[in-house]
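Presented below is the structure to which this report refers.
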Amino acid sequence: MEEKKLDLNSIIGFVLISGILIWMLWSNAPTPEELKEKEKKEQVEKQAKEVKNVTSTVAATPVADSTNNAAAQAQLGSFGYSATLPSATDAVTEIKNEVLALKISNKGGYITEATVLGFDQFEKNSKKAVQIIKDKNASLDIALNTTDNRTLHTKDMYFEPKLTTEGKNQVLTLQLKAGPDQFLEYRYVLKPNEYMLDFAIRSQGLEKVVNTAKPLDLEWQLKSYRNEKSISYENRYTELVFEYEDGKDDYLNAAKDSEDDANDVSYIAFKQHLFTSILLTDTKFKTAKFKSDNLVDDEEIDTVFTKNFTAQVPLEFKNGALNYNMNWYYGPSDYTILNDYNKNLDEIMPLGWGIFGWINRYIFIPVFGFISALGVGYGIAIVLFTILVRIVMSPVTYKSYLSQAKMKVLRPEITELNEKFKDNPMKKQQETMKLYSKAGVNPMAGCLPALMQMPIFYALFQFFPSMFDLRQKSFLWADDLSSFDAIYYFPNGFSIPFYGNHVSLFPILASVAIFFYMKMTTGDQAMSTPPQEGMPDMGKIMKIMIYISPVMMLFFFNNYASGLSLYYFISNLITIGIMLVIKNYIVKEDKIHAQIQENKTKEKKESKFQRKMREMMEQAEAQKAAQKKK
């Protein structure tokens, strides 16, 4: 058979046909604009199909699919109606203002995301927003006891949303329906520039659907995310706080798992150190149960969450209906912001009880606010604040040093009396008191100034961890005055017990300042302390404390706010300066000695208390002498 071969004409024909086909494909190809339009159309069709599929799996519309309607009703009773509506999907509605962004889900009708705008998580410019609620870490659930003996949970059912506006306010209403005019309603109202939003729970037409003879149980739960650089420091101030009865406030132990209950509760706060979530109610909850679980067992491993909070409260029916006007707050734990609401929310801040809280509220916070408003920067504001506090306390420092100087001058005479009457303690005490009285010296005068400084010291210890304004504010090498100022991290995850995995510089400087201050004053304190028979040698104890106190400071403050360490560093430097001025230019021991000797020559009237003490000692001595004769 003759083999077929391709001739030149055939090859030219194939090339022409191929060229024509390529030209036709190229000329009919869609433009980029047409491709984008096609993609949008396909995406819309896909979403519509998904919504249709989800809706049909829950239930079709009441009219269209009576079979699914019956199935939903068999499972949910009258509330099966809600599962047949087009809104029975996991769709969310977003409401947002200048400071807060919220996403509320149809399922459960509660917030699935709460983002505090304008703040970074962990550190400045981290590009991670502070989100109090996200990834299903929170829930709000009401247990519905129906008249057909069911217990249904709102967190598992679908609400129908409706977003409207009232002036500049955004209003989101979500209704869990048992029929066209029968529903449980959540109403959120977000106002401009507000961290607090109005929230209401009410019911309509549910008298024959829900058992209204007893209250409904509402449970609010939040697993708090870590938002700060130091999880240990943040967790120390993360706690559940509540107000009950007539303005009383209390909290659960932040250091361990704890539970509590209270009556007539007006607000519940899940406080996360520098951010907080609060539920407030106009109609007080008659009872409430609280629970806090600590989620940080190992700071190297447990780095995401700090606490798991739960609050359970009853919602009572009035005339067969619920009607609660409440508020949600999602925002900074800032004293000024919380206090401006005039709802006693400032009690959430751990400013200390009694006089300590009073000092912080009415002295330290206003003064520091005034200084920081000058625009000098928060680091300089702390320095100026410290200088002001030390100047105000300088008269107390002067009194303390003057008392020590007087006791130091008298020490040789007291030692002489101890030797002279070492076999007669009662007589020794009498003569010592006489010496104090003649010299015009009060042995307790040195203790009183120290006691006066204790409220200031404790108030400041509570003040700095509560100052939201210091968050992520830098000064010198510290990039965040509300957290530790690490200059070195130990390699390979190494950590020193009670110290941490890093070295902070401000605590080191504060410890050095404390060392030199104690070195300078301990000798005078030891010399001013009269020796007492049978009592420990205070001189030796004070010498040991010179070294123990700075080490304790170093370990204790390594993980604390650098603003607090900065304060103590500057404070001790200033105190050293004040003591040097008093010692070298104001209080002269030779003048004190001369004054004491002059006082001894003066006739001094004995006070009633001194006379009573002298008489008691004389009686005791007489009784002792009489017993010896027997």
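Fair warning: this is a prediction, and the values are worked out from it, not measured in the lab. If you read the sequence from its start, that first residue is 1, and numbering goes on from there. The analysis underlying the following values was restricted to heavy atoms, covering all of them including side chains, and did not include hydrogens, waters or symmetry mates.
Side-chain atoms of K284 come within 3.5 Å of backbone N or O of E245 as a donor-acceptor pair. The backbone N or O of D480 lies less than 3.5 Å from a partner atom in the side chain of S562, making a donor-acceptor pair. Between the side chain of D485 and the main chain of S504, no donor-acceptor pair closer than 3.5 Å is present. In terms of modelled atom types and a separation under 3.5 Å, the side chain of T281 and the main chain of T283 share a donor-acceptor contact.
Taking the charged nitrogens against the carboxylate oxygens, E239 and K307 have no contact shorter than 4.0 Å, which rules out a salt bridge. Ion pair K191/D198 flagged as a salt bridge, since at least one NZ, NE, NH1 or NH2 atom sits closer than 4.0 Å to an Asp/Glu carboxylate oxygen. Taking 4.0 Å as the cut-off between side-chain N and carboxylate O, D479 and K229 count as a salt-bridged pair. Ion pairing between a basic and an acidic side chain is recognised when a charged N comes within 4.0 Å of a carboxylate O; E243 and K248 show no such pairing. R187 has a carboxylate O that lies under 4.0 Å from a charged side-chain N of E166, or vice versa, which qualifies the two as a salt bridge.
Between the side chains of Q131 and T115, at least one donor-acceptor pair of N or O atoms lies under 3.5 Å. Side-chain atoms of D141 and S139 include no donor-acceptor pair closer than 3.5 Å. Side-chain atoms of T165 and Q170 include no donor-acceptor pair closer than 3.5 Å. Looking only at atom types and distance, the side chain of E194 has a donor-acceptor partner in the side chain of Y341 under 3.5 Å away. If you check the side chains of N344 and D249, you find no donor sitting under 3.5 Å from an acceptor. E219 and Q312 share a donor-acceptor pair across their side chains, judged by distance under 3.5 Å alone.
Residues that satisfy the salt bridge (charged side-chain N to carboxylate O under 4.0 Å, His left out) test with D346, not counting sequence neighbours, are R361. Residues forming a side-chain contact (heavy atoms from CB on, under 4.5 Å) with P465 (at least two apart in sequence, or on another chain): Y233, Y237.
Using a 4.5 Å heavy-atom cutoff, the side chains of V210 and L184 are not in contact. Between M157 and L76, the closest side-chain pair of non-hydrogen atoms falls below 4.5 Å. Residues D250 and F242 are in side-chain contact: their nearest non-hydrogen atoms beyond the backbone lie under 4.5 Å apart. Within the 4.5 Å cutoff, no side-chain heavy atoms of L505 are placed close to those of Y488.
Remark: of the listed residues T238, D260, L252, N308, L252 is the sole one forming a side chain to side chain contact (heavy atoms under 4.5 Å, CB included) with S292. With W328 as the fixed residue, the ring-ring contact (aromatic ring centres under 6.0 Å, His included) test singles out one of Y110, Y195, Y188, Y267: Y110. Partner F275 forms a ring-ring contact (aromatic ring centres under 6.0 Å, His included) with one of F119, Y225, Y330 and no other, that one being F119. Across F464, Y560, F463, F506, a single residue satisfies ring-ring contact (aromatic ring centres under 6.0 Å, His included) together with Y567, and that is F464.
Checked against a 6.0 Å centroid threshold, the rings of F199 and Y186 count as neighbours. Outside the 6.0 Å centre-distance limit, the rings of F475 and Y378 are not counted as a close aromatic pair.
Of all heavy-atom pairs between S277 and I132, the closest is OG-CG2, 3.0 Å.
For K223 and F305, the positive end sits near the middle of the six-membered ring, less than 6.0 Å away and at most 45° from its axis.
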